[in-house]
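Below: one structure, written as structure tokens.
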Amino acid sequence: MTLDMSWQELEERCRACDKCSLGKTKTNTVFGVGNKKAKLMFVGEAPGESEDMQGIPFVGAAGKLFDKYLSAVGISRDEVYIANILKCRPPKNRDPEPEEEEACIGFLREQTKLINPSIIVCLGRVSAKRLIKEDFRITKEHGIWFKKGAFRMCAVYHPSALLRDFSKREETLRDMLEIKRAYSQL
Ligand code: URA
């Protein structure tokens, strides 16, 4: 099976998924976008309203702010891969339920296997708790590197948190600069 076939099958399975109830309320599946050979992958929480409308991750207000951080540190959106823990929007943007994460995480696992990035950056607490460690504390542990199998991982504040709390913006820029430094050294 070619790499492209695997991607196609995975995306088709994801779009047809009915393992949790979110498929009934979503407008679009938000599978993921970007470079399928990316060395750097970002993983957010779940699609919001704009993402659900457009079928693309991080295109709403939080996504626009995230784009500013990427360009501030000299990373282009096209060179990385961007996905979420959940591929369907939870109604009213509530936190994902554990059963929803469990039902959906296999798609992210397969995406990660196909991409095989060196660095995975969690955008926010939900992603960090799921991918780095269950007791992850975003206020204390953002910007800290963890090694998980073959991956270097870290988390930054979720861009939505930065929309609400300007005091976190400077430390996030520092974290993003450190991510860029590690990425440049690959
Ligand atoms: N928040 C997320 O976690 N992911 C998106 O795609 C958009 C907002």
Side-chain angles (χ1 to χ4, degrees), residues 10-11 14-15 17 20-23 25-36 38 40-72 75-112 115 117 119-134 136-139 141-143 153-166 168-169 171-173 175-176 179:
L10 182 62
E11 191 159 349
C14 184
R15 291 188 189 285
C17 176
C20 81
S21 62
L22 296 181
T25 51
K26 72 165 183 209
T27 310
N28 283 297
T29 303
V30 181
F31 179 68
V33 314
N35 177 3
K36 290 171 177 164
L40 174 58
M41 181 171 179
F42 289 92
V43 182
E45 178 178 325
E49 188 178 14
S50 308
E51 291 75 22
D52 178 58
M53 296 300 289
Q54 296 184 46
I56 304 167
F58 286 99
V59 288
K64 291 199 171 82
L65 182 58
F66 176 57
D67 286 348
K68 284 192 187 160
Y69 277 93
L70 286 178
S71 50
I75 297 173
S76 100
R77 210 173 143 116
D78 300 339
E79 72 194 88
V80 301
Y81 196 87
I82 305 173
N84 282 307
I85 300 284
L86 294 192
K87 311 305 193 208
C88 295
R89 181 193 182 201
K92 299 187 183 149
N93 298 346
R94 61 156 171 72
D95 281 356
E97 298 289 348
E99 314 83 72
E100 293 162 352
E101 287 190 17
E102 216 40 56
C104 211
I105 198 73
F107 294 117
L108 182 68
R109 256 189 223 120
E110 292 302 316
Q111 285 172 305
T112 309
I115 297 164
I119 298 174
I120 300 176
V121 176
C122 300
L123 297 171
R125 169 187 61 90
V126 168
S127 169
K129 279 181 177 287
R130 181 74 215 196
L131 301 183
I132 300 179
K133 54 180 180 143
E134 219 189 304
F136 193 91
R137 297 286 308 274
I138 192 81
T139 43
E141 295 176 295
H142 67 86
M153 301 193 66
C154 76
V156 296
Y157 283 114
H158 194 286
S160 307
L162 306 175
L163 286 174
R164 296 187 297 268
D165 184 351
F166 280 53
K168 295 184 166 78
R169 289 191 177 194
E171 34 189 341
T172 302
L173 182 59
D175 292 347
M176 289 294 290
I179 289 160

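Remember, it's 1-based here, ligands and their atoms both numbered in the order they're listed. For the single chain, residues carry numbers from 1 onward in sequence order.
The number of heavy atoms from other shown groups lying within 6.0 Å of CD (Glu49) does not exceed 12.
Shown in contact with Pro57 at under 4.0 Å from a heavy atom are these atoms of ligand 1, numbered in order with element: 6 (O). Listed by number with element, the atoms of ligand 1 under 4.0 angstrom from any heavy atom of His158 are 1 (N), 2 (C), 3 (O). Close approach to Glu45 involves these atoms of ligand 1, each under 4.0 Å from a residue heavy atom: 2 (C), 3 (O). Those atoms of ligand 1 that come under 4.0 Å of a heavy atom in Gly44, given as number and element, are 3 (O).
Residue Glu51 has no N or O atom closer than 3.5 Å to an N or O atom of ligand 1. Close N/O approach between Ala46 and ligand 1 is found [any backbone or side-chain N/O within under 3.5 Å]. Between Ala62 and ligand 1, no pair of N/O atoms sits closer than 3.5 Å.
Figure legend: Lys87 and Phe107 shown without cation-pi pairing, the cationic atom not lying both under 6.0 angstrom from the six-membered ring centre and within 45 degrees of its axis.
Exactly one residue among Asn93, Asn28, Thr29, Thr27 makes a side-chain hydrogen bond (donor to acceptor under 3.5 Å, both in side chains) with Asp52. That residue is Thr27.
Side-chain contact between Met41 and Thr112 is present, with heavy atoms from C-beta onward closer than 4.5 Å.
Ligand 1 has Asn84 within reach: a non-hydrogen atom of the residue lies less than 4.0 Å from it.
In summary, Lys129 and Glu101 do not engage in a salt bridge, as defined by a charged side-chain N under 4.0 Å from a carboxylate O. Classification of Lys168 and Asp175 as a salt-bridged pair fails, no side-chain N sitting under 4.0 Å from a carboxylate O.
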